[in-house]
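Following: one structure in structure tokens, then a few remarks.
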Amino acid sequence: RVYVEPCSLAEVAQPYTVNADPWIAYLDADAVGSQLALRARQPGDRFQPLGLDGHSARVNEFMINAKVPAPHRAGWPLLIGAAGIAWLCGLRIDARSAIRPATRRVWQVRFER
């Protein structure tokens with residue numbers, strides 16, 4: 001299950017990339033849009049992990065590098081937004097979905113298994 005709630009920028013930890021709970025993500029609401037969906041990964045999925053300076057990575061390779069056990073990879077939840085993958089739940093958000101100084105609206109997204 002995923003829960004999406006609006007939240008103020010003041011509630012988000014500074015710097016924006018710091019978050020003690022990996023199952024909560026703070027996303028730029030204007031960048032991801034309001035039509036969010038969960039799905040499992042699909043062959044060829046790519047995203048732009050925050051911290052890779054805009055470079056893209058294959059989701060499968062990212063999961064291997066993140067030490068996600070092979071049996072868990074196929075069903076791992078991905079949050080999909082307006083621009084594609086917004087968050088590999090529990091692992092990394094997409095750089096295009098990240099909060100920036102110019103962000104006006106924020107979604108707090110919480111994933112529960």
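- Leu91 and Trp23 fall within the same hydrophobic cluster, where Ile, Leu, Val, Met, Phe, Trp and Tyr residues are linked whenever their side-chain heavy atoms come under 4.5 Å apart, directly or through other members.
- Rounding to the nearest 0.5 angstrom, the gap separating the CH2 atom in Trp107 from the CG atom in Leu79 is 11.5 Å.
- Leu78 is not connected to Ile64 by any chain of hydrophobic side-chain contacts under 4.5 Å among Ile, Leu, Val, Met, Phe, Trp and Tyr, and they are in different clusters.
- Of all the heavy atoms in Leu88 and Trp76, the pair that sits closest is C-NE1, 4.4 Å.
- Separating the NE2 atom in His72 from the CE atom in Met63 is a distance of 11.0 Å, to the nearest 0.5 Å.
- The ring of Phe62 has its center closer than 6.0 angstrom to the ring center of Phe47.
- Separating the CZ atom in Arg96 from the CG atom in Leu27 is a distance of 12.5 Å, to the nearest 0.5 Å.
- For the residue pair Ala82 and Ala31, the shortest heavy atom distance occurs at CB-O, 4.0 Å.
- Proximity of a side-chain donor or acceptor of Arg41 to a complementary backbone N or O of Arg73 within less than 3.5 Å is detected.
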**Prompt:** Passes side-chain contact (heavy atoms from CB on, under 4.5 Å), Val2 versus Leu36? Steps please.
**Reply:** CA-CA 10 Å; Val2 68; Leu36 300 174; over 6 Å; no
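- Here Ser56 contributes atom OG and Glu61 contributes atom CD; the two are 10.0 Å apart, rounded to the nearest 0.5 Å.
- In terms of hydrophobic clustering, with Ile, Leu, Val, Met, Phe, Trp and Tyr side chains grouped at heavy-atom distances under 4.5 Å, Ile93 and Leu38 are assigned to a common cluster.
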**Request:** Report the C-alpha distance between Ile24 and Gln108 in whole Å, list the side-chain angles of each, state the deciding distance to 0.1 Å, and finish with yes or no for side-chain contact (heavy atoms from CB on, under 4.5 Å).
**Result:** CA-CA 7 Å; Ile24 295 177; Gln108 178 190 28; 3.7 Å; yes
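- Side-chain atoms of Asp28 and Thr103 include a donor-acceptor pair closer than 3.5 Å.
- Considering every non-hydrogen atom in both Pro22 and Trp87, the closest pair reads O-CZ2, 3.4 Å.
- Residues Arg58 and Asp45 are not paired through a salt bridge, judged by the lack of any N-O separation under 4.0 Å between the basic side chain and the carboxylate.
- The two residues Ile85 and Arg39 come nearest to each other via the heavy atoms CG1-NH2, 4.4 Å.
- To the nearest 0.5 angstrom, Asp53 atom CG is 9.5 Å from Leu50 atom CG.
- Residues Glu112 and Tyr3 have side chains in contact (heavy-atom distance under 4.5 Å, counting atoms from C-beta outward).
- Here Asp30 contributes atom CG and Ser97 contributes atom OG; the two are 11.5 Å apart, rounded to the nearest 0.5 Å.
- More than 12 heavy-atom neighbours from other residues, nucleotides or ligands sit within 6.0 angstrom of CD on Gln42.
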